[in-house]
Amino acid sequence: MAYLELFVLTWGVYPRRVLIYLHEKGLLNSPHIKITPVTISATAEMTAPGKPKGTVPILALPDGTFIKQSVAILDYFEDICDNPQEQWQKELAAAAKPSIRGSSARERASTRELLALADEATAFFGFACHKGSKLFAALEPINPTAAGLAMASTKKNLRLLEAYYEDRFEGGESGVESITIADCVLFSLLQFAKELYARDLVADPEFPNLKRFYGASKERDSARISEDFYPLEIKELACVWLG
């Protein structure tokens, strides 16, 4: 029986981080989690039976309430796996891999540092897309200057993240390095930017550690995508930058 229902747009940057996490956690195919893809209406609303209004991801809980922010959803899964109370939570935790927030206070603090930077970088990049990509030209005013400033802020956060990935993912083989929830969030951004918007955020020589991270992570089972993963009609517009 599915006690939780996760509403997603499978190729969206925020739902993608949760789906990558669930795969890495060993919970993607859990019988306790129902994953429901949404459809996008003519008015750009995301709809699915039982889904409340709003963007995805949204996690429906057994008590009828919802968690509507991706980072909060990641924390919820980690919390119930670390300290399960109800029987279904104990069954979920038994099937899950160990904590990927960290096993000590210091490790968890480091993960939260990276998570905050990666989450903020995602927000900056999203704003850059809205102001600079042809995908949004018919929906809102385009402002190449604002897009450039937002992209610069994205890169600023990536510079801060670069140092954290020193000595990580050096083996080059998928599955060797343990992954954290911050890694899931950062990879989702880098893949989304490169594969949908044609912006390789770690191409610059100043990002050797992040480039290594991306190269190793994209080979993990949780990260692999097909050539038609992103809708063609969306991709054709998204990759055109104006101004």
Side-chain angles (χ1 to χ4, degrees), residues 10-28 70-71 74 78 97-104 106-129 148 150-227 229-230 235 238-239 241:
T10 54
W11 52 268
V13 65
Y14 290 100
R16 181 98 174 105
R17 57 173 59 167
V18 178
L19 294 172
I20 291 172
Y21 163 83
L22 289 175
H23 194 294
E24 292 288 343
K25 191 72 174 177
L27 296 176
L28 188 62
S70 60
V71 172
L74 298 179
E78 285 293 286
K97 295 178 181 179
S99 174
I100 57 176
R101 279 188 300 201
S103 57
S104 68
R106 183 65 189 95
E107 288 180 355
R108 289 190 292 274
S110 180
T111 297
R112 283 193 289 270
E113 283 184 313
L114 271 70
L115 181 59
L117 289 168
D119 191 43
E120 187 176 53
T122 303
F124 285 139
F125 181 76
F127 186 77
C129 295
M151 193 68 75
S153 294
T154 304
K155 291 294 185 72
K156 180 180 178 181
N157 274 42
L158 292 178
R159 290 187 191 98
L160 294 172
L161 284 162
E162 170 71 12
Y164 286 95
Y165 284 84
E166 186 79 34
D167 300 325
R168 293 193 66 204
F169 296 90
E170 291 193 324
E173 298 180 8
S174 61
V176 173
E177 180 89 15
S178 60
I179 202 167
T180 71
I181 57 173
D183 297 331
C184 297
V185 170
L186 177 58
F187 178 81
S188 178
L189 165 62
L190 299 181
Q191 186 179 59
F192 184 73
K194 184 175 183 178
E195 300 298 335
L196 181 59
Y197 284 94
R199 285 297 177 98
D200 186 347
L201 297 179
V202 296
D204 293 346
E206 65 179 322
F207 298 125
N209 295 331
L210 292 182
K211 186 173 183 177
R212 184 178 64 248
F213 159 72
Y214 183 75
S217 296
K218 72 178 183 179
E219 299 303 322
R220 299 175 79 98
D221 290 341
S222 63
R224 291 194 182 102
I225 57 175
S226 61
E227 289 187 5
F229 182 73
Y230 297 100
K235 191 172 183 177
C239 66
W241 290 80

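- Leu189 and Ala121 make their closest contact through CD2-CB, 3.8 Å (heavy atoms, listed as atom of the first residue, atom of the second, distance).
- Taking 4.5 Å as the limit, every side-chain heavy atom of Arg199 sits out of range of all side-chain heavy atoms of Lys194.
- Tyr165 and Phe213 have tilted rings, their planes meeting at an angle from 30° to 60° on a 0 to 90° scale.
- Note: Leu19 CG to Ser188 OG = 9.0 Å, rounded to the nearest 0.5 Å.
- Exactly one of Arg168, Glu162, Glu170 qualifies for a side chain to side chain donor-acceptor pair (under 3.5 Å) with Asn209. That residue is Glu162.
- In this structure, the side chains of Lys218 and Ile225 stay at 4.5 Å or more apart for every pair of heavy atoms.
- Considering CG of Leu74 and OG1 of Thr111, their distance stands at 11.5 Å, rounded to 0.5 Å.
- Pairing each heavy atom of Leu201 with each of Met151, the nearest pair is CD2-SD, 4.0 Å.
- Taking CG of Leu161 as the reference point, atom CD of Glu113 lies at 10.0 Å (rounded to 0.5 Å).
- The shortest heavy-atom contact between Ser217 and Ala223 is O-CB, 3.2 Å.
- A salt bridge is absent between Glu206 and Lys155: the closest approach of a Lys/Arg side-chain nitrogen to an acidic carboxylate oxygen does not fall below 4.0 angstrom.
- Here the CG-CD1 distance, from Leu186 to Ile181, works out to 12.5 Å after rounding to the nearest 0.5 Å.
- Defined by atom type and a distance below 3.5 Å, a donor-acceptor pair is present between the side-chain atoms of Thr180 and Asp183.
- In this structure, Cys184 and Ile20 approach most closely via the heavy-atom pair SG-CG2, 3.9 Å.
- Judged by distance alone, with hydrogens and angles left aside, the side-chain atoms of Glu78 form no donor-acceptor pair with the main-chain N or O of Ser99 at under 3.5 Å.
- For the atom pair Phe127 CZ and Ser153 OG, the distance stands at 10.0 Å (nearest 0.5 Å).
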Could you walk me through whether Tyr164 and Leu210 pass the side-chain contact (heavy atoms from CB on, under 4.5 Å) test, one step at a time?
CA-CA 9 Å; Tyr164 286 95; Leu210 292 182; over 6 Å; no
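- The shortest heavy-atom contact between Arg16 and Arg224 is NH2-O, 4.1 Å.
- For the pair Tyr14 and Val71, the minimum side-chain heavy-atom distance is 4.5 Å or more.
- In this structure, the separation between CZ on Phe192 and CG on Leu190 is 12.0 Å, given to the nearest 0.5 Å.
- Within the 3.5 Å criterion, the main-chain N or O of Arg106 finds no donor-acceptor partner in the side chain of Ser110.
- The heavy-atom pair separating Lys97 from Glu24 by the smallest distance is CD-O, 3.0 Å.
- Taking the charged nitrogens against the carboxylate oxygens, Asp200 and Lys211 have no contact shorter than 4.0 Å, which rules out a salt bridge.
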As a quick check of understanding, evaluate side-chain contact (heavy atoms from CB on, under 4.5 Å) for Asp204 and Leu158, giving each step before the final call.
CA-CA 11 Å; Asp204 293 346; Leu158 292 178; over 6 Å; no
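- Not less than 6.0 angstrom separates the ring centroid of Phe207 from the ring centroid of Tyr214.
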